[in-house]
**Q** 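If you scroll down you'll find the structure; I have some questions about it.
Please read these numbers as outputs of a predicted model, since none were measured by experiment.
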Amino acid sequence: EVQLVESGGGLVQAGGSHRLSCTASGFTYDIYAIGWFRQAPGKEREGVACISSNDGSAWYADSVKGRFTISKDNAKSTVYLQMDSLKPEDTAVYYCAAKRGLLRDTANAYGYWGQGTQVTVSS
């Protein structure tokens with residue numbers, strides 16, 4: 001069974017930094033992608049950053065490009081989302097997701113999801 005568990009949510013000051021973690025288990029495919037998505041109240045779930053196991057390539061939403069960095073530690077089966085220069089508009093529930101195959105930036109391409117972790121950025 002594939003299981004994804006996010007951690008690291010919390011309250012952060014605007015302009016500050018924070019890091020989220022996603023620990024995966026039961027995912028043994030050679031080619032896969034891990035993505036971070038977020039959803040604010042009343043808004044659609046949107047892609048934030050994704051990373052591929054194929055070549056380590058990454059995708060970032062324009063809204064976070066240059067501020068967020070996605071990385072992975074294969075030994076720990078963990079994917080991280082380093083968030084710098086946080087803005088109040090980054091406030092959302094952040095979800096970790098996984099899919100077989102190559103990287104995609106759309107939520108409906110991902111079949112496995114964590115429960116989410118709340119990130120609140122205060123002004």
**Q** Donor-acceptor pairs under 3.5 Å, side chain of residues 44-51 to any protein atom, not counting sequence neighbours: which ones?
**A**
from, atom 1, to, atom 2, distance (Å)
Arg45, NE, Gln39, OE1, 3.4
Arg45, NH2, Gln39, OE1, 3.3
Glu46, OE2, Arg38, NE, 2.8
Glu46, OE2, Arg38, NH2, 3.4

**Q** Mind checking whether Trp36 and Tyr80 sit in one hydrophobic cluster, side chains of I, L, V, M, F, W, Y counted as touching below 4.5 Å?
**A** no

**Q** Within this structure, what is the NZ-OG distance for the pair Lys99 and Ser52, rounded to the nearest 0.5 Å?
**A** 8.5 Å

**Q** Could you list the donor-acceptor pairs under 3.5 angstrom formed by side chains in residues 116-123, with sequence neighbours left out?
**A**
from, atom 1, to, atom 2, distance (Å)
Thr117, OG1, Gly9, N, 3.1
Gln118, NE2, Thr120, OG1, 3.3
Ser122, OG, Gln13, OE1, 2.6

**Q** When you look at Leu4 and Tyr95, which way does the side chain to side chain contact (heavy atoms under 4.5 Å, CB included) test go after all the steps?
**A** CA-CA 9 Å; Leu4 304 171; Tyr95 297 90; over 6 Å; no

**Q** Within the side chain of Thr23, is there an N or O that forms a donor-acceptor pair under 3.5 Å with the backbone of Val5?
**A**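 No; judged by distance alone, with no hydrogens or angles, the pair does not exist.
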
**Q** Is it possible for you to say whether Val2 and Tyr32 belong to one hydrophobic cluster, with membership spreading through side-chain heavy-atom contacts below 4.5 Å?
**A** yes

**Q** Can you tell me which residue pairs pass the salt bridge (charged side-chain N to carboxylate O under 4.0 Å, His left out) test with a partner in residues 47-67, sequence neighbours excluded?
**A**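 Checked against salt bridge (charged side-chain N to carboxylate O under 4.0 Å, His left out) - neighbours excluded - the pairs reaching residues 47-67 are Asp62-Lys65, Arg67-Asp90.
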
**Q** Sequence neighbours left out, what pairs pass salt bridge (charged side-chain N to carboxylate O under 4.0 Å, His left out) with at least one residue falling in residues 71-86?
**A**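 Residue pairs passing salt bridge (charged side-chain N to carboxylate O under 4.0 Å, His left out), neighbours aside: none found.
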
**Q** So, do Ser17 and Met83 sit near enough that their side-chain heavy atoms are less than 4.5 Å apart?
**A** no

**Q** Quick check: is Ile34 connected to Trp59 through a chain of hydrophobic side chains (ILVMFWY, heavy atoms under 4.5 Å apart)?
**A** no

**Q** Quick one: sort the Phe37 and Trp113 rings into parallel, tilted or perpendicular, breaks at 30° and 60°.
**A** tilted

**Q** What pairs meet the salt bridge (charged side-chain N to carboxylate O under 4.0 Å, His left out) rule with one or both residues in residues 1-20, with sequence neighbours excluded?
**A** none

**Q** Pairs of donor and acceptor atoms involving the side chains of residues 102-112, under 3.5 Å and at least two apart or interchain, shall be tabulated with distances.
**A**
from, atom 1, to, atom 2, distance (Å)
Thr106, OG1, Asn108, OD1, 3.3
Tyr110, OH, Arg104, O, 2.5

